[in-house]
Amino acid sequence: MSLSPVQKVSILTLATLGLIPIPHVEAQEPAGGGNPGVFFESVDVDVVNVEVFVTDKKGNAVTGLTREDFSLRVDGTEVPVSNFYSEVLGRPVQEGQDLALLDQQDSFEATPLEQRLHLVVFVDNANIRAPNRKRVFKALREFLDNSLSPDDRVTVASISKSVFTHSDFLNDRRVINLALDDVEKASANDFIHEFERREIYSELFREETTAVLRGEVDRQIARSTEDINRGGILNRIRAYAQSEFDRSRSGLRHLGAYVDSLAGVPGRKALIHVSDSIPNNPGEGMFIAWNERFRGTLAAEDYQIQVGQFDLRDQFRELGQRANAARVTMYTLDAESSHTSAIRSAVTDGVIPNLSLSTIESNYREPLEFVATATGGRRVQANPTLARQLSAISTDFNTFYSLGFQAVEKGSKNHHDIEVKLARKGLVVRHRNNYTRKNREQRMASATVAALLYNSVSNPLEVSLTKGLGKKRDDGSVAVPVELKIPVSKLVLLPTEGIHAAQLSLFVTIKDKQGDPRPVQRIPFNLRIPDEFVEQAKADSAQYTLPVVLRPGDQQIAIGVRDDIGATSSTLRIELNPRLAGAV
């Protein structure tokens, strides 16, 4: 039988996407955005999972804890742990299980999807020198080959002026190594800013200015030279600090947007950020050196104004918050072993003040260390102990606890603080320190974006997508009809007033030629079946057709389908080449 005589859908023009849903039959907008005469209460249960890493004072992982060992507080109020999960060396462990017998098991339970690891190796080519990148990549390759389980999924991303994702999440190590090869062969940043920084420090401490301070030239000329140097170098410092502030802020925005895109990827997510680090306050070490060089010429208040305008602390706090909202643990790998060695080598005719040197180190160390700590991760540095530090990250991946609790909604507050404590003393606990509550529509939109960008698809509703024949348009785009079929037997039908009704939502987004997703659009899709046809209808499928308008460079479309009554959803991705063969 056909459902056409009883199918009811709603029309919503998607101006942003260039999509217009066309029903097979009569379309009507349900009153109030739902089915007429259909009333139901949908309980939106949002369980938040918090990964917890517990070590002793020597850094060794502590296993064998139970939910009773943990105290979980949200915004200062203790909440019950509804879901408890633990894993030891990649094996799920039941509460109370004897760990001594773990290795004697012939088989063990597979990692549930909600706890499967999705790892991003994110290479910041805008902030890493090629020699440093080459050195840490050798260690990273060994880490990936030896530390991940077959169920773990990995992708590689890099950024120069924008973010580029080199693959979907895969467990194929060969493909991942090829992606790392591509990143390693790419040109790193030209580092003009690094040369400028060295030149400024050299100018501050060059031999002739030192001679001026010693009174080895005419004092009148000395004072004139001092005045010229004082203003000229300060202007160069301001210009450098402004340029670096703008560049770093842009990079952090791109990184934050990338982290956002991971929110819909299921399970645990970890991101290893590989760079020479990003300074917290570009130019602060220079301002200190300048002030020392010219003997406190800059008043304390003026100094704070000069330095404060280039402070990136808010941007780093926001990055940590966005990572926590997406359930991403950040591991920051500083590929530079010393951030002062290059400056020391540039200054051969003077001594850089210790305060300036310590400021430079802390400027590069603290911000990404803060992000790692805020998300429950670690900061590691490319020094002789790098392999051991990466091994500690590997332990995080396969030995951890997960505490699940029902999301707390407090008025209009979106961000909620998390605190985990242990009854046992002397142990170190790491975890993300906040979460952001999202409604189910936001979660579904995130899942649709993840399906588009990473092929992170799931299809319990057994939705099928079929491309029709493309039709060329005068503007060079191609209109391609995409037909959705959803088995009625997979939907929850609500009986009321002589009909059975299903209420669904479609979520649609397209990847543009830059590789970015267009804004997700939601389409209500409502199905009404007279009672006498319900049993027959369960053997058929509801159909919906989207004529998708593809612009030059568009590559893929992702569609999410959610059964609003049954609280079940599917996400799918299909390739849509705008130069479709056979387009008429």
Side-chain angles (χ1 to χ4, degrees), residues 119-144 154-166 176-198 240 243-259 270-280 282 285 312 315-316 319 330-343 345-346 360-372 377-387 389-390 393:
L119 172 64
V120 180
V121 179
F122 189 99
V123 184
D124 187 351
N125 274 330
N127 289 289
I128 189 169
R129 293 187 294 129
N132 288 348
R133 184 178 61 187
K134 182 177 182 179
R135 184 174 66 253
V136 299
F137 266 34
K138 182 178 184 297
L140 273 175
R141 284 190 175 92
E142 294 176 357
F143 164 76
L144 293 174
V154 184
T155 187
V156 177
S158 61
I159 181 173
S160 182
K161 293 183 179 179
S162 60
V163 176
F164 181 77
T165 303
H166 296 259
I176 297 304
N177 281 326
L178 289 175
L180 289 172
D181 289 342
D182 289 342
V183 176
E184 192 170 6
K185 293 173 184 176
S187 299
N189 192 288
D190 56 20
F191 276 77
I192 292 176
H193 62 285
E194 177 65 18
F195 294 122
E196 174 67 6
R197 184 172 72 141
R198 289 168 61 95
Y240 171 87
S243 175
E244 283 301 279
F245 175 82
D246 293 341
R247 192 174 68 87
S248 297
R249 182 173 58 178
S250 175
L252 288 171
R253 286 174 176 170
H254 283 300
L255 178 56
Y258 181 83
V259 167
L271 186 148
I272 300 178
H273 181 271
V274 185
S275 74
D276 287 348
S277 198
I278 304 170
N280 196 46
L312 287 163
Q315 284 75 14
F316 283 106
L319 175 60
M330 300 281 289
Y331 294 88
T332 55
L333 197 169
D334 189 344
E336 180 64 77
S337 58
S338 171
H339 291 283
T340 60
S341 58
I343 303 304
S345 65
I360 292 171
E361 281 293 351
S362 62
N363 248 312
Y364 281 89
R365 182 188 69 252
E366 291 178 357
L368 290 180
E369 187 171 66
F370 166 82
V371 172
R378 300 172 184 263
R379 174 188 177 270
V380 300
Q381 191 157 12
N383 58 36
T385 67
L386 179 58
Q389 295 176 75
L390 290 174
I393 294 177

Scan the side chains in residues 377-387 for donor-acceptor partners under 3.5 Å anywhere in the protein, sequence neighbours excluded, and list what turns up.
{"residue": "Arg378", "atom": "NE", "partner": "Asp396", "partner atom": "OD2", "Å": "3.1"}
{"residue": "Arg378", "atom": "NH2", "partner": "Asp396", "partner atom": "OD1", "Å": "3.4"}
{"residue": "Arg379", "atom": "NH2", "partner": "Asp334", "partner atom": "OD2", "Å": "3.1"}
{"residue": "Arg379", "atom": "NH2", "partner": "Gln381", "partner atom": "OE1", "Å": "3.2"}
{"residue": "Gln381", "atom": "NE2", "partner": "Glu336", "partner atom": "O", "Å": "2.9"}
{"residue": "Gln381", "atom": "NE2", "partner": "Ser337", "partner atom": "O", "Å": "3.3"}
{"residue": "Asn383", "atom": "OD1", "partner": "Thr385", "partner atom": "N", "Å": "2.8"}
{"residue": "Asn383", "atom": "OD1", "partner": "Thr385", "partner atom": "OG1", "Å": "2.6"}
{"residue": "Asn383", "atom": "OD1", "partner": "Gln389", "partner atom": "NE2", "Å": "3.1"}
{"residue": "Thr385", "atom": "OG1", "partner": "Gln389", "partner atom": "NE2", "Å": "3.0"}

CZ of Phe316 to CD1 of Ile278, rounded to nearest 0.5 Å, is 5.0 Å
Can you list the steps and then say if Phe122 with Val163 is a side chain to side chain contact (heavy atoms under 4.5 Å, CB included)? CA-CA 9 Å; Phe122 189 99; Val163 176; 4.1 Å; yes
Heavy-atom pair of closest approach, residues Phe137 and Leu180: CE2-O, 3.4 Å
Work out which heavy atom in Pro367 is nearest to a heavy atom in Pro279; give both atom names and the distance. CG-C, 4.3 Å
Salt bridge (Lys or Arg N to Asp or Glu O under 4.0 Å) against Arg253, all qualifying residues, sequence neighbours excluded: none
Sequence neighbours left out, what passes salt bridge (Lys or Arg N to Asp or Glu O under 4.0 Å) with Asp182? Give chain and number order. none
Thr155: what forms a side-chain contact (heavy atoms from CB on, under 4.5 Å) with it, not counting sequence neighbours? Val120, Thr165, Ser167, Phe169, Tyr258
Measuring from atom CZ of Arg135 to atom CD1 of Ile128, what distance do you get when rounded to the nearest 0.5 angstrom? 8.5 Å
Using the rule given for side chain to side chain contact (heavy atoms under 4.5 Å, CB included), can you reason through Thr332 versus Ser275, listing the C-alpha separation, both sets of side-chain angles and the distance that settles it, and then say yes or no? CA-CA 8 Å; Thr332 55; Ser275 74; over 6 Å; no
Kindly determine whether Asp124 and Leu255 satisfy side chain to side chain contact (heavy atoms under 4.5 Å, CB included), including the steps that lead there. CA-CA 9 Å; Asp124 187 351; Leu255 178 56; over 6 Å; no
Check step by step if side chain to side chain contact (heavy atoms under 4.5 Å, CB included) holds for Leu333 and His273. CA-CA 6 Å; Leu333 197 169; His273 181 271; over 6 Å; no
Any side-chain to backbone donor/acceptor pair from Arg249 onto Leu312? Under 3.5 Å, distance only. no
Can you tell me how far the CD atom of Glu366 sits from the OG atom of Ser277, to the nearest 0.5 Å? 10.5 Å
His254 side chain to Lys161 main-chain N or O, any donor-acceptor pair under 3.5 Å? yes
Exercise: identify the closest heavy-atom pair between Ala335 and Val136: CB-CG1, 3.8 Å
Quick one: CZ on Phe143 to CD1 on Ile272, what's the gap to the nearest 0.5 Å? 4.0 Å
Who are the salt bridge (Lys or Arg N to Asp or Glu O under 4.0 Å) partners of Glu361, not counting sequence neighbours? none
Pairing donors with acceptors under 3.5 angstrom, does anything connect the side chains of Asp276 and Asn132? yes
Do His166 and Ser158 come within less than 4.5 Å of each other through their side chains, counting heavy atoms only? yes
side-chain contact (heavy atoms from CB on, under 4.5 Å) against Tyr240, all qualifying residues, sequence neighbours excluded: His193, Glu196, Arg197, Ile200, Glu244, Met286
If we only count heavy atoms from C-beta on, is the Ile176 to Val156 side-chain gap below 4.5 Å? yes
Does either side chain, that of Arg247 or that of Asn127, offer a donor lying less than 3.5 Å from an acceptor on the other one? yes
Run through Arg133, Arg141, Lys138 and flag the one making a side-chain hydrogen bond (donor to acceptor under 3.5 Å, both in side chains) with Glu184. Arg141
